[in-house]
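The figures here come from the full heavy-atom set of this structure, side chains too, leaving out hydrogens, waters and symmetry mates. The sequence lines fix the lettering, A, B, ..., with proteins before strands; numbering per chain opens at 1.
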Protein chains: 2
Amino acid sequence: MKNRILTVDDDRDILKVLKANLELHGYEVDTAESWTKAQEILTTRQPDMIILDIMLPDGDGIEICRHLRKESPQIPIILLTARDKVSDKVMGLEIGADDYVVKPFETLELIARIGACLRRVCPITEDEVVIGNLKVDFKKQIVTVSGKKVELTPKEYKLLCFFINNRGEVMDRETIRKTIWKDSHIYSWSRVIDVHIQHLRQKIEKDPSNPKYLLTVPGAGYRFMD
Amino acid sequence: MKNRILTVDDDRDILKVLKANLELHGYEVDTAESWTKAQEILTTRQPDMIILDIMLPDGDGIEICRHLRKESPQIPIILLTARDKVSDKVMGLEIGADDYVVKPFETLELIARIGACLRRVCPITEDEVVIGNLKVDFKKQIVTVSGKKVELTPKEYKLLCFFINNRGEVMDRETIRKTIWKDSHIYSWSRVIDVHIQHLRQKIEKDPSNPKYLLTVPGAGYRFMD
DNA sequence: AAAGTGTGTAAAGAAAGTGTAAATTTTTAA
DNA sequence: TTAAAAATTTACACTTTCTTTACACACTTT
């Protein structure tokens with residue numbers, strides 16, 4: 001079940017590079033050099049994500065983005081732009097883009113952002129996940145340990161889902177902050193994340209001091225065992 | 001997903017040796033004895049890299065290189081030449097070659113440069129890298145030696161990743177400092193780097209006193225074998 | 001051969017990261 | 001408005017990691 005990505009950019013070289021790299025990372029890719037071409041493609045099939053250059057020969061990216069949001073609010077959009085002014089960045093996000101990458105961009109960074117965005121937007125396909133004696137019912141939002149229901153606070157539940165969706169991978173504090181805390185500003189020296197991790201451990205781990213699921217990766221972040 | 005390399009040289013013996021060695025290292029190889037033949041191949045399929053002899057019967061390598069750069073700027077080029085004059089070397093790089101190897105060359109050196117060049121140009125991070133009995137899982141940040149998990153400290157892990165990403169190339173202490181220690185100021189006479197190298201060796205080498213992977217290049221720095 | 005340079009290595013003090021409890025602030029719900 | 005719940009801050013202990021230092025040894029140069 002590959003995710004399909006539509007990339008819209010007037011620079012054919014960029015399109016070529018993007019297509020190659022995205023396909024290498026397991027995505028199916030449609031490319032369009034103009035907004036007109038993109039619209040044609042959109043009528044035939046819906047992508048799971050759109051990567052949109054803000055500067056196109058036949059339309060203003062900002063307007064296009066706003067339009068897309070109205071037409072297909074469920075498709076996440078990542079904006080590409082040569083401009084790096086903060087005002088643009090803010091505007092891009094305000095009109096509904098999910099992320100914003102400034103050209104020239106590191107391909108790897110873009111790939112990472114695409115992955116993060118897709119996980120964020122279409123996070124869970126299963127209704128429930130069972131890992132060891134831990135069970136999470138995403139529909140009912142019920143977490144059980146050894147069949148016993150566990151009461152989690154909203155933040156704790158979000159954290160747990162986040163880790164389960166990214167199980168196996170190391171999640172650094174900055175990524176956690178960006179995903180769970182989003183725009184609410186947290187000082188870099190804040191220990192909020194660590195404290196919540198402790199709370200979660202106390203609720204889902206048998207021996208919170210020797211966690212089996214929610215592991216510490218010293219100097220890097222945390223990782224959920226799978 | 002093998003990388004495809006087009007080698008262009010009028011010496012059939014060299015072509016034969018190169019093809020054999022490159023294929024041994026996991027590349028797919030096309031060969032051409034002339035620029036005309038090379039162009040034919042280029043029309044049918046795009047290689048990931050071109051190794052080009054500067055002396056060809058039917059064209060000047062310098063001109064060809066310039067032409068290739070214009071037509072397919074994304075394909076890296078390594079020039080081969082019998083001449084070892086500095087002026088040629090400078091010119092070769094100025095007209096857009098990515099590297100330059102003087103004949104007669106050590107096959108191993110060429111292989112190393114090809115690897116370095118490809119990594120530089122398409123820095124696609126794999127999820128894991130296996131070198132001998134050493135395995136690094138970048139997503140999980142887990143390092144195993146002969147299947148046994150090895151616990152590395154943050155600095156040690158960063159160092160190892162750095163060396164693996166630049167395997168084959170000599171890394172001098174200043175480059176290491178700039179990459180791993182970044183802005184944290186370290187006195188030029190500090191032995192921190194050496195000490196960490198020792199620690200790493202003790203964790204990943206079978207015989208830390210006779211390292212197999214993380215080699216010392218006296219007077220220059222360290223180099224990770226591949 | 002002696003001096004000088006560069007690297008290997010062990011040990012110890014300094015620094016940083018993390019676990020954890022408790023206090024405080026903010027949010028939510030009645 | 002008030003009480004409970006949740007989120008966040010704070011402080012400190014403990015552990016791990018980093019860095020320095022000192023000296024041994026090998027290799028080069030004079």
- Message: Between C1' on D/dC23 and CG on B/Asp194, what's the gap in Å once rounded to a whole number?
- Response: 15 Å
- Task: Could you check how far NE2 of B/His196 sits from C1' of C/dT9, rounded to whole Å?
- Result: 14 Å
- Query: Given D/dT20, is OP1 or OP2 found less than 4.0 Å from the side-chain N or O atoms of B/Ser190?
  - Reply: yes
- Item | Rounded interatomic separation in angstrom, taking NE2 from B/His199 and C1' from D/dT20 | 12 Å
- Item | Presence of salt bridge, A/Glu169 and A/Arg223, under 4.0 angstrom | no
- Message: Over 60° means perpendicular and under 30° means parallel, so tell me whether B/Tyr213 and B/Phe224 are parallel, tilted or perpendicular.
- Response: parallel
- Task: Look at the side chain of B/Arg191 and the base of C/dG6, then say whether one donor and one acceptor between them are separated by less than 3.5 Å.
- Result: no
- Protein-nucleotide distance (B/Glu156, atom CD; D/dT19, atom C1'), rounded to Å: 13 Å
- Task: Would you please confirm or rule out a distance under 4.0 Å between OP1 or OP2 of C/dT20 and any side-chain N or O of A/Gln202?
- Result: no
- Side-chain N,O (A/Lys155) to OP1/OP2 (D/dT8) below 4.0 Å: yes
- Note on the structure: Across every strand shown, the nucleotide meeting Watson-Crick or G-U wobble geometry with C/dA16 (both distances under 3.5 Å) is D/dT15
- Query: Do B/Asp194 and B/Tyr222 meet the criterion of a side-chain donor-acceptor pair at a distance under 3.5 Å?
  - Reply: yes
- Message: What I'd like to find out is whether the side chain of A/Ile51 reaches to under 4.5 Å of the side chain of A/Leu80, using heavy atoms alone.
- Response: yes
- Task: Round to the nearest Å and state the distance from A/Asn210 atom CG to D/dC14 atom C1'.
- Result: 15 Å
- Message: Please confirm whether the shortest side-chain N or O distance from B/Thr153 to OP1 or OP2 of D/dT16 is below 4.0 Å.
- Response: no
- Selected nucleotide, minimal atom distance to B/Val192 side chain, candidates D/dC18, D/dT20, C/dT7: D/dT20
- Distance check: side-chain N/O of B/Arg201 vs OP1/OP2 of C/dG8, anything under 4.0 Å? yes
- Item | Residue-phosphate contact under 4.0 Å: B/Thr216 side-chain N/O, C/dG8 OP1/OP2 | yes
- Phosphate OP1/OP2 of D/dT8: any A/Trp181 side-chain N/O under 4.0 Å: yes
- Only residue of B/Asp207, B/Thr216, B/Asn210 satisfying side-chain hydrogen bond (donor to acceptor under 3.5 Å, both in side chains) with B/Arg201 is B/Thr216
- Tell me: NZ of B/Lys158 to C1' of C/dG17, nearest whole Å? 12 Å
- Atom-to-atom span, CD of A/Gln198 to P of D/dT10 - whole angstrom: 18 Å
- Task: Would you please confirm or rule out a distance under 4.0 Å between OP1 or OP2 of C/dG8 and any side-chain N or O of B/Tyr222?
- Result: yes
- Could you give the CD1-to-P distance, from A/Ile193 to D/dA7, as a whole number of Å? 14 Å
